[in-house]
Amino acid sequence: MNVVTPFEGIGAAVKRKEDARFLSGRGQYTDDLNRAGQAHAVILRSPHPHARIVSIDTAAARAMPGVVAVFTGEDLKGVGGLPCGWQVKNKDGSPMAEPPHPVLAIGKVRHVGDPVAVAIAETRAQAQDAAEAIRVEYEVLPSVGTIDGALAPGAPQIHEAAPGNICYDWHLGDAAATEAAFAGAHKVVVLETTNNRLIPNAMEPRAAIGDFDPATGEHTLYTTSQNPHVIRLLMGAFVLGIPEAKLRVVAPDVGGGFGSKIYHYAEEALVTWAAAQLKRPVKWTADRSESFMSDAHGRDHVTRAELALDKDGTFLGLKVSTRCNMGAYLSTFAPAVPTYLYATLLAGVYRTPAIYAEVKAVFTNTVPVDAYRGAGRPEATFLLERLVDVAAAEMGMDRIEIRRRNFIKPDMFPYQTPVALQYDSGNYDATLNAALAAADWAGFEARRAEAAKRGRLRGIGCSTYIEACGIAPSHVVGQLGARAGLYEVANIRVHPTGSVTVFTGTHSHGQGHETTFAQLVSDRLGVPLDKVDVVHGDTGKIPFGMGTYGSRSLAVGGSAMVKAMDKIIAKGKRIAAHLMEASVEDIEFDRGVFRVAGTDKTKSLAEVSLAAYVPHNYPIEEIEPGLEETAFYDPKNFTYPAGCHIAEVEIDPDTGATTIVNFVAVDDVGRVINPMIVEGQVQGGVAQGIGQALLENAAYAPDGTLLSGSMMDYAMPRADDLPAVGVATHTTLCTHNPLGVKGCGEVGAIGSPPAVINAVVDALKPFGVRHVDMPATPAKIWSIIHGSRRVAAE
Amino acid sequence: MSARVAVTVSVNGTTHRREVEPRLLLSDFLRHELGLTGTHVGCEHGVCGACTIRLDGAPVRSCLMFAVQADGHAIATVEGLAPAPGRLSVLQEAFRDAHALQCGYCTPGILMTVSAFLEETPDPTEEEVRHALSGNLCRCTGYQHIVDAVLLAARRLREG
């Protein structure tokens, strides 16, 4: 990787190749596509959190103008349910409860938004009219929307297959060693906290178009997905019984995902199935209300944690007991999020020698919960970084000093944590120092005093986080219950005249892969950037792939590209050796040129590829024609981005409103390919993290009625809610992938929430505040300041 | 519901005549009747700004208007921003240079909002830019690079 093409290769802030089409309105998102003869589907959803379906009368709907068909759960009884991709085991080794998840509800509805019937008509308006004319008689059942409500004695039972509403009761770590550590502790610090439920709200609502060609028997699904091959596998094999060879899934331009477009959703199966039934394309596009009640939500934990310390502030042990919400059904990767992406991160950047975590997952009458940007790691980071601040306060120690004292130091890698992970590299003092300097931490007390003169409460807070991404080694995740491998696939095609097409199994929905991946290829093969095209999102074009989530695309997908390019170079050397009548061992490759070592004899990549495709003077008996290679890359470990985020806030005591006056992020994401894109990813992640800390909350009534069902009542950050965020990187290389990259997609959303809340708590120090749960809304803070204990967490 | 009403609008300088249902939203009219899919629909309740177009020069949310209400008016959409095919306007170029877009879904609405803003406020402060953008939701960028792009475009436009 030492070949750098000036201005285009690794490390260059190349402007994005995809921007011109997006800026001119020529992107092609799923709802922009139309198939000849398509009909439109509108879904009727449950208005109740929990009800028995007594009857469904579709006669009036079927008789309406333009109506093609109306289907209910009874019509889809031959269709499989939506599968879950991860099986977590209970403490006793028994499998989790895995209740059926029908495409359309059968017999019962279990959350507001549960799909009950679909009306399909010539126009969307006609389908809407028809859906409204479907008569459903419900017998409303007792329901529960909260974790503790679902666990209470006598709680409504949501699934027969899940007694007590428990999905699983899981644990990780050494309970006995942890108890022993606590027995010898000088001090035990306790924190009870929640992690607020979030609604992802990608700006593009989900959409799906099913198409079927009766002549060939081929099905095509166009869908807003982060991983079209995963959808093909799950839907083809488990739901509809369509062989992969007869099912093509296309995910064109996708308008943001943040995790919510990973999962296989009912609507995808519904339009694919309906198109085959009706022998015509069927299109469905969510309106925003449907997004709120049908896109998988994120987070939603209730936790009690205890940290044991010795007298000088060294961490001895950590006990964590978490209850988490699965919603009404298991979404595709839901069981893995509060377990293997959460409890495994509870060591953080610290040398805590003994950790024991218990996680109880429960069903409630709410929308399914699954991975949302960060997925488990923001929950772990918030818990730990709040706990460390509380510990510092109760030990009378400096917040920075207690962190430094417990950091894993640079000479301790590889570092085996007590919760399964082995960190490969990092330098936590370095990112902390850089952030402290950039935020002028040392000068803060003067700013606090100045703010006090203006009647404002000023606070500063930091978080030193780590996360695990670049998921994941297949044999490891297989042992942990994954029902898939998590390798990635690249196919690199060098065309006869030397331009290159890269086919990747990852998917770009804002990350700029068309640019970053082209830079990788440009750098390694020496091909100008404008002659490299990246193709993603089509199972008809790309061999296979597991898609984009968990900041894996570069670490895993990019590594697959390196592996494929190495095969291209190896084959090219053999062809070049023949063309230059030299021994293959003597051929060097650099910047697109094959050279006989120590001579001026050279052949360009384009000359070699032309010879490969026009094999007149060619060792055809020894080397196949063509220059195209495929590689599957299975990662050897997770990657471990880490860093330090610092927030500085001012609170207006009269209103309780918090203003973030400064925010600094210093992240170690490994080698940076395109610094402009990395900064954009961090900026966006920080904005979502600030959203979680101050604004966003998926509000449910205790009975499971969704209260925040529109953008009017779910507050997301706007331009005037956010500060100018300072972003910097400090690099230690990943040691186990060929690029040294770690991943940058989620760090912003992981590191920022505890930094903000630590700053808020610091600002509220004069009121004896120990903890504030997210979101720290003006009402909550005003109540704290003005002595009300009704809203405040403490 | 099906009684159709005649609508004549000018979109990016081209006149279109259609007969549409009175309930058809202007956003759906642009996307599905005229095939101008650059205007995106994010919330259908006027909160996100993704569907922002310009109606007789003013930035408006096309999901909060019926197509029939646009009868006789002049509309500008993102497809009309570029000076020529294959080229970008100063504003579009600044968005590219400052990395002011990621997934691109909110981008057309933001460009239409900002194009009007910069005509009224050619030399804005950062605070004014943030205020002008506050009616448009972007879930990807965190807005900082959008703010940078608007300030960059303003400077380039002033300097000609």
Side-chain angles (χ1 to χ4, degrees), chain A residues 13 15-16 18-29 31-32 34 65 124-125 129 200-205 253-258 285 287-289 508-512 676-677 679-688 690 710-712 716-722 724-725 727 748, chain B residues 1-2 21 23-24 28 31-32 35-45 47-48 50 77-82 85-86 88-89 91-93 95-97 99-108 111 126-127 129-147:
Chain A
K15 307 299 177 213
R16 299 202 319 170
E18 43 273 83
D19 283 356
R21 73 173 187 273
F22 292 141
L23 286 164
S24 51
R26 300 194 192 287
Q28 285 280 289
Y29 303 86
D31 188 60
D32 299 342
N34 294 291
R124 192 176 179 198
D129 291 342
N201 273 305
M203 293 311 301
E204 178 205 25
D253 287 328
V254 171
F258 317 113
T285 302
D287 61 30
R288 183 55 62 178
S289 298
S508 188
H509 29 279
Q511 297 90 339
M676 177 190 81
I677 287 175
E679 183 177 339
Q681 287 293 307
V682 175
Q683 294 272 5
V686 166
Q688 287 184 352
I690 291 173
S710 82
M711 288 180 175
M712 295 292 279
M716 286 178 282
R718 293 176 177 276
D720 54 356
D721 292 318
L722 295 172
V725 174
V727 173
Chain B
M1 274 296 184
S2 58
E21 284 191 46
R23 64 174 164 176
L24 183 69
D28 289 337
R31 291 179 51 76
H32 303 308
L36 294 169
T37 55
T39 298
H40 295 155
V41 176
C43 73
E44 291 177 289
H45 57 287
V47 182
C48 80
T77 70
V78 68
E79 287 92 345
L81 278 183
L88 296 177
S89 69
L91 179 62
Q92 289 167 313
E93 192 73 40
F95 267 58
R96 197 172 88 102
D97 289 347
H99 187 30
L101 63 153
Q102 291 183 24
C103 80
Y105 198 79
C106 72
T107 308
L111 289 171
E126 174 166 347
E127 194 179 350
V129 172
R130 285 188 180 271
H131 183 71
L133 289 170
S134 66
N136 291 74
L137 279 171
C138 169
R139 200 62 164 154
C140 292
T141 64
Y143 306 101
Q144 181 62 49
H145 288 172
I146 301 177
V147 172

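Note that the structure is a prediction, hence the values are computed from the model and not measured. Reminder, nothing fancy here: chain letters follow the sequence lines and each chain counts from 1.
For Leu88(B), the part lying under 4.5 angstrom from a heavy atom of chain A is the side chain only. Neither the backbone nor the side chain of Val682(A) has a heavy atom closer than 4.5 Å to any heavy atom of chain B. Both the backbone and the side chain of Asp97(B) have a heavy atom closer than 4.5 Å to some heavy atom of chain A. For Gln511(A), no part lies under 4.5 angstrom from a heavy atom of chain B. Both the backbone and the side chain of Ile677(A) come within less than 4.5 Å of a heavy atom of chain B. For a residue to count as touching a neighbouring chain, one of its non-hydrogen atoms must lie under 4.5 Å from one of that chain's; by this rule Leu137(B) touches chain A with backbone and side chain alike. Using a 4.5 Å cut-off between heavy atoms, Ser710(A) contacts chain B through both its backbone and its side chain. Contacts between Glu79(B) and chain A at a heavy-atom distance below 4.5 Å involve backbone atoms as well as side-chain atoms. Of the two parts of Glu18(A), neither the backbone nor the side chain holds a non-hydrogen atom closer than 4.5 Å to a non-hydrogen atom of chain B. If you measure heavy-atom distances from Pro200(A) to chain B, the contacts under 4.5 Å come from the backbone alone. Contacts between Val725(A) and chain B at a heavy-atom distance below 4.5 Å involve the backbone alone (N, CA, C, O).
Among residues two or more places apart in sequence or in another chain, the salt bridge (charged side-chain N to carboxylate O under 4.0 Å, His left out) test is passed with Asp253(A) by Arg21(A). Checked against ring-ring contact (aromatic ring centres under 6.0 Å, His included), Tyr105(B) has the following partners two or more places apart in sequence or in another chain: Tyr29(A), His40(B).
Per-residue heavy-atom pair counts under 4.5 Å with chain A were compared for Cys103(B), Ala100(B), Ser89(B), and the maximum is reached by Cys103(B). With respect to chain B, the highest number of heavy-atom pairs below 4.5 Å among Asn201(A), Asp19(A), Val254(A) belongs to Asp19(A). Contact tally against chain A (heavy-atom pairs below 4.5 Å) for Leu133(B), Thr141(B), Leu101(B): the top residue is Leu101(B). Most heavy-atom pairs under 4.5 Å with chain A: of the set Gln144(B), Glu127(B), His99(B), this distinction falls to His99(B). Note on Ala687(A), Gly256(A), Ala125(A): by heavy-atom pairs under 4.5 Å with chain B, the leading option is Ala125(A). Residue with the most contacts toward chain B among His509(A), Arg26(A), Glu679(A): Glu679(A) (heavy-atom pairs, distance under 4.5 Å).
Annotation: side chain of Leu23(A) is not in contact with side chain of Arg16(A) (no heavy-atom distance under 4.5 Å). Looking at heavy atoms from C-beta onward, Arg139(B) lies in side-chain contact with Met203(A) at the 4.5 angstrom threshold.
Using modelled atom types, no side-chain atom of Gln683(A) and backbone atom of Gly142(B) make a donor-acceptor pair closer than 3.5 Å. Formation of a donor-acceptor pair under 3.5 Å by the Arg31(B) side chain with backbone atoms of Val41(B) is not found in this model. Using a distance-only test at 3.5 Å, with no hydrogens or angles considered, no donor-acceptor pair links the side chain of Glu126(B) to the main chain of Val147(B). A donor-acceptor pair is defined here as one N or O able to donate and one able to accept, closer than 3.5 Å; such a pair exists between the side chain of Arg718(A) and the backbone of Ser134(B).
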Apply side chain to side chain donor-acceptor pair (under 3.5 Å) to residues His145(B) and Gln102(B) and explain how you reach the verdict. CA-CA 10 Å; His145(B) 288 172; Gln102(B) 291 183 24; 5.8 Å; no
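The existence of a salt bridge linking Glu93(B) and Arg96(B) is confirmed by a sub-4.0 Å separation between a basic side-chain nitrogen and an acidic carboxylate oxygen.
Interatomic distance, Gln28(A) CD to Thr37(B) OG1, rounded to the nearest 0.5 Å: 5.5 Å.
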